[in-house]
Peer 1: 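Handing you this structure, nothing more for now.
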Amino acid sequence: MTTTNAVTQTNDFRKIALERRSIKSYDPSVKISREEMTEILNEATRAPSSINLQPWRFLVIESEEAKAQLLPLAKFNSHQVETSSAVIAIFGDLQHDLNAEEIYNTAVELGYMPAEVKERQFPLTVAYYENLSEQARKDIALIDSSLVAMQLMLVARAHGYDTNPIGGYEKEQMAELFGMDTKRYVPVMLLTIGKAANEGYPSMRLPINSVAEWK
């Protein structure tokens, strides 16, 4: 990438972040193809994660039938759910260490990691997770999945779509409702995505001197 292109891309993402508004209504005629949604999710998963174990899992709720199932759990955001192109339910995988061997092996195959580094690091990763408490696993899953959620919002905007995160829904029922292992997958948030039906509204942000300190 040239310096000019890098600067342009940086400015584009800065503009995207600064222009963010709260979207509560979408154009229901706009649909996102499976191909483009896959591309959006693929780009979002470039987000960082602890030891690169990528604990995020996505459930893309796009059919009218699936949205109807979701509505009772998100009744305070029903209009968003109904009009959006899709609702992406983001979960954290509490057993994400089970993917460690595949991740390390693939990294070696792609030339991203020397084999000797994998042989040294993989046993350490396994040992680390063997001694990790359930709460610590949950903390990692929630933090990393929140990182991918923010990345997903930025990527969606770059694709020309709008998003809105939803935390107020019946989380304890989500996994079971859609046939997921309730002991393994912890709900993080819902993310509606589509084309905004209006400009939405801006929201106030506290001044930096109220939320940051320099030492």
Side-chain angles (χ1 to χ4, degrees), residues 26 31-106 125-126 128-130 132-156 161 163-194:
Y26 298 91
K31 305 301 179 185
I32 302 175
S33 69
R34 184 72 57 88
E35 180 182 26
E36 186 174 17
M37 185 66 80
T38 298
E39 183 179 350
I40 289 171
L41 293 174
N42 184 55
E43 292 171 4
T45 58
R46 299 298 189 269
S49 64
S50 180
I51 325 181
N52 193 34
L53 292 189
Q54 307 162 49
W56 43 70
R57 297 295 179 267
F58 306 103
L59 174 64
V60 182
I61 302 168
E62 59 180 0
S63 70
E64 294 306 315
E65 294 78 11
K67 283 185 176 183
Q69 284 183 282
L70 174 62
L71 278 175
L73 304 191
K75 53 182 176 289
F76 296 114
N77 295 280
S78 59
H79 188 65
Q80 286 191 63
V81 172
E82 292 174 325
T83 60
S84 64
S85 298
V87 181
I88 303 172
I90 302 172
F91 292 85
D93 182 1
L94 298 180
Q95 298 177 27
H96 53 274
D97 54 306
L98 296 179
N99 297 311
E101 187 167 15
E102 177 185 356
I103 291 170
Y104 276 96
N105 287 340
T106 304
T125 298
V126 172
Y128 175 73
Y129 271 87
E130 284 178 348
L132 211 56
S133 68
E134 183 177 344
Q135 184 59 50
R137 284 173 174 267
K138 184 176 181 179
D139 290 343
I140 291 171
L142 291 176
I143 290 171
D144 290 353
S145 297
S146 296
L147 287 171
V148 85
M150 188 70 250
Q151 178 94 339
L152 177 52
M153 293 172 72
L154 291 172
V155 168
Y161 299 109
T163 58
N164 199 65
I166 298 173
Y169 62 102
E170 304 296 334
K171 292 184 177 180
E172 67 279 0
Q173 300 177 42
M174 273 296 297
E176 182 177 7
L177 178 64
F178 290 98
M180 301 176 69
D181 185 343
T182 58
K183 294 182 179 180
R184 177 169 181 174
Y185 298 105
V186 55
V188 179
M189 69 179 74
L190 301 178
L191 194 65
T192 54
I193 180 171

Peer 1: Please indicate whether Gln95 has more than 12 foreign heavy atoms, meaning atoms of other residues, nucleotides or ligands, lying under 6.0 Å from its CD.
Peer 2: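 Counting other residues, nucleotides and ligands, CD of Gln95 exceeds 12 neighbours.
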Peer 1: Taking the side chain as every heavy atom from C-beta outward, state whether Leu41 and Ile88 have any atom pair closer than 4.5 Å.
Peer 2: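 They are in contact (side-chain heavy atoms under 4.5 Å apart), so the answer is yes.
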Peer 1: Just distance, no hydrogens or angles: give the donor-acceptor pairs under 3.5 Å from side chains in residues 184-192, sequence neighbours left out.
Peer 2:
unit_1, atom_1, unit_2, atom_2, d
Arg184, NE, Asp93, OD1, 2.7
Arg184, NE, Asp93, OD2, 3.4
Arg184, NH2, Asp93, OD2, 3.0
Thr192, OG1, Tyr26, OH, 2.7
Thr192, OG1, Gln80, OE1, 3.0
Thr192, OG1, Asn164, O, 3.2

Peer 1: Could you give the side-chain donor-acceptor pairs of residues 148-156 under 3.5 Å, partners two or more places apart or in another chain?
Peer 2:
none

Peer 1: Once you round to the nearest 0.5 Å, how far does CE of Met37 lie from NZ of Lys31?
Peer 2: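 If I round to the nearest 0.5 Å, the distance is 10.5 Å.
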Peer 1: How many angstroms lie between atom CG of Leu71 and atom CG of Asn77, to the nearest 0.5 angstrom?
Peer 2: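 If I round to the nearest 0.5 Å, the distance is 10.5 Å.
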Peer 1: Report all side-chain donor-acceptor pairs from residues 58-68 shorter than 3.5 Å, counting only partners two or more places apart or in another chain.
Peer 2:
unit_1, atom_1, unit_2, atom_2, d
Glu62, OE2, Arg34, NE, 3.4
Glu62, OE2, Arg34, NH2, 3.0
Ser63, OG, Ala66, N, 3.0
Lys67, NZ, Val81, O, 3.2
Lys67, NZ, Ser84, O, 2.3

Peer 1: So do Asn52 and Tyr104 actually touch side chain to side chain, heavy atoms under 4.5 Å?
Peer 2: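 Side chain of Tyr104 against side chain of Asn52, heavy atoms only: no contact under 4.5 Å found.
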Peer 1: Applying side chain to side chain donor-acceptor pair (under 3.5 Å), name anything that partners Asp181, two or more places apart in sequence or on another chain.
Peer 2: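 Scan of Asp181 (side chain to side chain donor-acceptor pair (under 3.5 Å), adjacent residues dropped) gives none.
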Peer 1: Can you find a pair of side-chain heavy atoms, one from Ile166 and one from Val87, that are under 4.5 Å apart?
Peer 2: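 No - every pair of side-chain heavy atoms lies 4.5 Å or more apart.
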Peer 1: Which heavy atom of Ala141 sits nearest a heavy atom of Gly92, and at what distance?
Peer 2: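 Result for this residue pair: CB-CA, 3.9 Å.
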Peer 1: Could you list the residues that satisfy side-chain contact (heavy atoms from CB on, under 4.5 Å) with Thr106, not counting sequence neighbours?
Peer 2: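 For Thr106, the residues satisfying side-chain contact (heavy atoms from CB on, under 4.5 Å) (neighbours in sequence not counted) are Glu102, Leu110.
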Peer 1: Using 0.5 Å steps for rounding, measure from the CG atom of Leu94 to the CG atom of Leu98.
Peer 2: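 Leu94 atom CG to Leu98 atom CG measures 11.0 Å (nearest 0.5 Å).
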Peer 1: Not counting sequence neighbours, which residues clear side chain to side chain donor-acceptor pair (under 3.5 Å) with Tyr169? List them please.
Peer 2: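 None.
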Peer 1: Residues two or more places apart in sequence or in another chain: which of them pass side chain to side chain donor-acceptor pair (under 3.5 Å) with Ser146?
Peer 2: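 Here no residue qualifies.
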Peer 1: Side-chain contact, heavy-atom cut-off 4.5 Å: Glu43 with Glu39?
Peer 2: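 Yes, side chains in contact.
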Peer 1: Is there any salt bridge (charged side-chain N to carboxylate O under 4.0 Å, His left out) pair reaching into residues 71-82, and which pairs are they, with sequence neighbours excluded?
Peer 2: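 Listed by first then second residue: Lys75-Glu170.
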Peer 1: At what distance, to the nearest 0.5 angstrom, does CD1 of Ile140 lie from CD of Gln135?
Peer 2: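 Taking CD1 in Ile140 and CD in Gln135, the distance rounds to 10.5 Å.
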Peer 1: CG/Leu53 to NE2/His96 distance, rounded to the nearest 0.5 angstrom?
Peer 2: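 Taking CG in Leu53 and NE2 in His96, the distance rounds to 5.5 Å.
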Peer 1: Could you list all the salt bridge (charged side-chain N to carboxylate O under 4.0 Å, His left out) pairs where at least one residue sits in residues 134-156, not counting sequence neighbours?
Peer 2: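 Applying salt bridge (charged side-chain N to carboxylate O under 4.0 Å, His left out) to every pair that reaches into residues 134-156, excluding sequence neighbours, yields Asp97-Arg137.
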Peer 1: What residues, two or more places apart in sequence or in another chain, satisfy side chain to side chain donor-acceptor pair (under 3.5 Å) together with Glu36?
Peer 2: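 Scan of Glu36 (side chain to side chain donor-acceptor pair (under 3.5 Å), adjacent residues dropped) gives His159, Tyr161.
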